[in-house]
Each structure stands twice: as structure tokens, then as C-alpha cells.
Amino acid sequence: MINRVDSCIIALFLNQTNANILTSTQITWQALQPDSDRYQSIFSNVSLEDCDSLAAVQPRLLNALAHLHHQTLGFPLLLLRSQENSDYLACIADAAQRFQPDEIALYGGDYHVMGDNVSLLAPTDINRPFTSQGGVHFADWIEAEQLFGCVRQYKDRVQPEPGLLHRANGGTLILAVNTLLAQPLLWLRLRKCIEQGRFDWYSQDERQPLPVAIPSLPLQLRLVLCGDRDALAAFQEMDVEVHEMALYSEFEESLQILDEDDMTSWCQWTLTQAEQAGLAQPEADFWPLLITEAARMTGDQDTLPLCPRWLRRQLQETALHGDSINAEALKEALEARQWREGFLADRMRDEILLNQIMIETEGEVVGQINGLSVVEFPGHPRPWGEPSRITCVVHPGDGEFTDVERKAELGGNIHAKGMMIMQAYLIAELELEQQLPFSASLVFEQSYSEVDGDSASLAELCALISALANQPVNQQIAVTGSVDQFGNVQPVGGLNEKIEGFFHICNSRELTGKQGVIFPASNARHLSLNQDVVEAVKAGQFHLWAIESVDEALPLLTGIAWQSESGESLLSTIQERITQLNQQEARLRPWPLRWLNWFNHS
């Protein structure tokens, strides 16, 4: 029997434990955005003097192009994982230009047309249409006539006309791989030309031959095909033999920032994009805000994007909102873009604020928790986060855990996997010698589309434990994270959008100083939150807790520890309820079966 004094001591101990968890897992406002203060000296002095920004950020690309240029045997092909737009191809062309020979050489030849007789002369004049000095040429889309040229007939006169292939003769040709996937015959003819080292003329109309015989043109060409991983995989299926012979490399999409040299390289690469876009050099205060936005784009505080198109967009939009490229202009540009693109997200949040979608941000409820979701709507330019009300009810039963989303065919396979892992953890923690005498039902309330992913498994587990222990959950706190079978909390995606989505609802209803979000500690490096959230956390009006296990989440949500050697705990409460229910069922059994109780207690 625990007396009153013992109860007070236990309560004091639990409160102290919960307070320790509150402070040890709480994230400070300084950690909510990338730390750019240590690079201020770089921002003030960065320039393009005596630097090679391309070599610093794309070493794999340059190495592959060097190998391609010096390749003398096999098929001269480089497969490059890259975007296929003109900005990327132009950048790759600039890199390939570095490996072109300094000495001037002529390739191809000169067609001499005399009536029905067409002869090929040696190349002597660069101004002739079929004479080339090589160089680097690229196209993001091309048709057969543009690539291979054609034969024009004007009354009694025949005139061959060159294509991109002839202008690139002796040099490097860069194409988007989707061009060839969409036009397989284009690839078959191009491959034959490169393998045979000559260009043969064919009639564009298969039913009608060329009016005259045209000699083949000597061809020497290096080929670079650019595309994403899916496109390159499709190319592999289309031509396995050539794929096996090809070089492979990647246009790196991001740069990991480990020290000042890395940050300098990234800033110089950004300056290169500004220079190529004809823009002025950014001011020193521009860089920290750009880095915050860049970290949102990559999803990592220590990783910044190298995408030329993305960087130029930020620079160009900033230039439109100010006389110079500085922090104020960039802030206005970002706010204007968010407002333009935020109509759908605002309407969805209005549904919550108008109580059409029921989300509690105050009080306590048993078996109910605020999970966090990321909404990606087809055709919408950016995802946004919003809370989801997850509920759980339990009743005496055979231990079945019903996933309503799965039963209604609205839950995906990954969500189902997360549910099963969550259940396995709970059953293992309870250490039951017999079947759980409760059944449970979990559901995303007011969800009318498919739910997938395991990022809600932590929230679902906490709701289930709340229902089993009959202990209310604090509705001022939202939860995201997945769990493994040992109760460890694992990272999830879309963290910034999730936190901002819940903050927006709380802020619109008035912040209480007790609201916040629980998320996996391994996600802390992904934080790059907007300034409104940072200011609220700094003022103590909103809180963020980074946890590593379920044990750390439950005291924050319920005020009671999951396990405790002495005193009240959620686990002991659930075990006690199970014992009471088993005893009640035993008393209700017919008297001939009551002897089974002896085995249960032995």
C-alpha cells in the first residue's frame, strides 16, 4: 500500500522526470535554420577572381568529359545523369569545351555538285557547309532533318544541306536522351554513323530513292546523352550493348558544406550563374536568406543546391523586387511567390479554421492525437503541411488491431507496414503470456483520399497507447515520425512543411505558449523554417521537441512516463487493465471452465 507521502514523492519524481524530458529534447530557435553566421567573412569578400567554380562543384563531370575526349577505342559515348533542359546542357557544353584541342583542324569535306554528279572534296574552307572545326554542340530536342540534314531538289539542281551532326563533326555532340527514346530510328541511324565513322545519305521518303548518288562523309564524333535515372534506364533497355560500353557520370545536383572552402565554392558557383544571367553581384546580406531557402530545397542544412536553373530563378526574381540583389529584395520575392502559389493551401487551412475539418489545438482527449501530413496535389507547384486528426478506440476483443484506412482501401502498403511495426513494438513491450484481450481501431478522421507512408506511425502508436491506458493526450502538440520494432523514432520527409502547417493553425487561433511539434531527432539537420516560426520559438510561444524513442514522446503528450520502476506508468496501467479484464472474463466463464484460471495464475 502506497501512503499519501509516498504518492507525493512519486508525483514529484515524475514531474521532475517530465521536466527533464521537456528541456533535454527541446530545440532552441538557433537550430531552426542553417547556421550561416560563421561564413560572414566569405559573404563579404566572395568574388570570381582566380577561381574555377565549375571544377570546384562538378569534379565528376569534368573527369568523365576528359576520359571521353581521350577515348580512342570503343564507342565514344558518355551517359550523364542530368536534367535535360537548356540551362543544364549549356553548362555541360561549357565544361566539354575545355577539352577541345587548341590546334585548328578541319573535318568533313566539301560537296561539289555538277549536274547529276556529286563528288566529295577534302575539307579546305571552314566556310563551306560540310566542313567543321569540331567544337561542342547541344540540343534538348531535335528532329531527324535537323540532326542529319537533307537533300533539297530545285528543278534540275540537287543540293545537300547539313544538319547538327555535320556541324559537330570532329567535336562533341550533347543530346537529351528522351529525344532518342521518343524516336528510336533516330538513335539507330546515329549509332550506325558513329560506329562506321561515316555519314551515309538516305532519302527521307522510303518509297523514293535519292535522285543522285551522294558520297559518304567522313565522321568523327563524341556523344554525350543526358537524362534522369529513369530515362537512362530506358535507354539501357533499348540498347544494352552500347550501354555496357558507355562511360557514366553525374551532374551533381547539390554540394555538401563541410568547411569554409565548400561554402566559398558554392558562393562562387552562384556568382557564376549571376554573371551568366547578366545580373549584378549579390550583397553580403543576401547570402544567409538564400542559404535558408536553399536548405529547404535540398532538405538538409549542410547541403546546398547546384541546379543552375534554380539558382538563376532566385537571382532573377530578387532582381525584379529591388534595385540590388540583397536580403530585402529576396524576402519580397519569396513572399510574393509563396502568396501566388498558396491559394490551395490557404483554402485547405481555412477549412480547419472554420471547423469543417476538426482539428483540436487545446485541451486533452483520450485516444486522439494530431498527426502531421504533407499534401502534394497534382499540378500544384509546392507541397504544404497540415495536421491530421488520428483517433483510436479500444474495446474487449481478440487482440485484433484494425487499420481502417487499409480496410477501406485508402491506405498504401508503406502505411500498412508502419502499422504492423507499431503493433509489434507494443505487443513486445507488454510481454503478454496470452493474447491481448483488447481490440483496437485506428483511423485518419475526415480523410477522403489515399494515405501512405509510415511518418504517422509514431502518432498512431501514441494514440493507441493513450486509448489502452485511458490516458488523455495533449492536443496542443502534434507528432510526426516513424518507429521501428524497438521503439526507436526514425526520420521522415517534409518536416518543414509539417511544422509550418501546424504552426499556421495554432497561430491563427492564437498561440498559447504550450503548443508545439514532436519530431525525430535525426530530422533536426533538415530544419529550415520560415521566420514566423523562428520568432515564435524564440519568444517561447511555440516549441519543438526532437526525440529518439517512443519513451521520450509519451511523457510530453500524456504527462506520464511509459515505463517506471516505481510509481505510475502507462505500461503498468495497460497491464493492470489487461489483468482486470482477464479476471472479469474468468468470473463470467461457466463453472466447468473456471479451472483454467488455475493454469493462468500458476
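Computed over heavy atoms, backbone and side chain alike; hydrogens, waters and symmetry mates excluded. Values in this document were obtained by computation on a predicted structure and should not be read as measured data.
Using a cut-off of 4.0 Å between Lys/Arg side-chain N and Asp/Glu carboxylate O, Lys417 and Asp454 are scored as not salt-bridged.
Under 3.5 Å, the side chains of Ser528 and Thr292 contain no donor-acceptor pair of N or O atoms. Inspection of the Glu460 and His415 side chains reveals an N or O donor paired with an N or O acceptor under 3.5 Å. Side-chain atoms of Thr298 and Asp300 include no donor-acceptor pair closer than 3.5 Å. Between the side chains of Glu535 and Gln541, no donor-acceptor pair is found at a separation under 3.5 Å. In this structure, a donor-acceptor pair under 3.5 Å is absent between the side chains of His504 and Asn507. With hydrogens and angles left out, the side-chain atoms of Gln475 and Gln368 include a donor and acceptor closer than 3.5 Å.
Within the 4.5 Å cutoff, no side-chain heavy atoms of Asp262 are placed close to those of Gln256. When side chains are defined from C-beta on, Leu430 counts as touching Leu436, because their heavy atoms get closer than 4.5 Å. At a threshold of 4.5 Å between non-hydrogen side-chain atoms, the residues Gln281 and Ile325 do not count as touching. At a threshold of 4.5 Å between non-hydrogen side-chain atoms, the residues Gln471 and Thr573 do not count as touching. Between Trp266 and Leu311, some side-chain heavy-atom pair lies under the 4.5 Å cut-off. Between Trp287 and Pro282 the shortest side-chain heavy-atom distance falls below 4.5 Å. Side-chain contact check for Gln490 versus Val483: every heavy-atom pair is 4.5 Å or farther apart. Taking 4.5 Å as the limit, some side-chain heavy atom of Leu426 sits within range of a side-chain heavy atom of Leu468.
Here the CZ atom belonging to Arg525 is positioned 13.0 Å from the CG atom belonging to Leu495, to the nearest 0.5 angstrom. In this structure, OG in Ser549 is found 12.0 Å from CH2 in Trp562, a value given to the nearest 0.5 Å. One finds the OG1 atom of Thr361 at 12.0 Å from the CD1 atom of Ile477 (value rounded to the nearest 0.5 Å). Between Leu529 atom CG and Phe503 atom CZ the span is 9.5 Å, to the nearest 0.5 Å.
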**Prompt:** Given the rule in the side chain to side chain contact (heavy atoms under 4.5 Å, CB included) test, do Leu527 and Phe519 qualify, once you have shown the distances and angles that lead to the verdict?
**Reply:** CA-CA 11 Å; Leu527 290 172; Phe519 66 91; 3.9 Å; yes
**Request:** Apply salt bridge (Lys or Arg N to Asp or Glu O under 4.0 Å) to Glu500 and Arg296, showing your working.
**Result:** CA-CA 12 Å; Glu500 290 169 358; Arg296 286 182 69 93; 2.6 Å; yes
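Residues forming a side chain to side chain donor-acceptor pair (under 3.5 Å) with Arg337 (at least two apart in sequence, or on another chain): Gln314, Glu317.
Ring centers of Tyr425 and Phe486: at least 6.0 Å apart, outside the cut-off.
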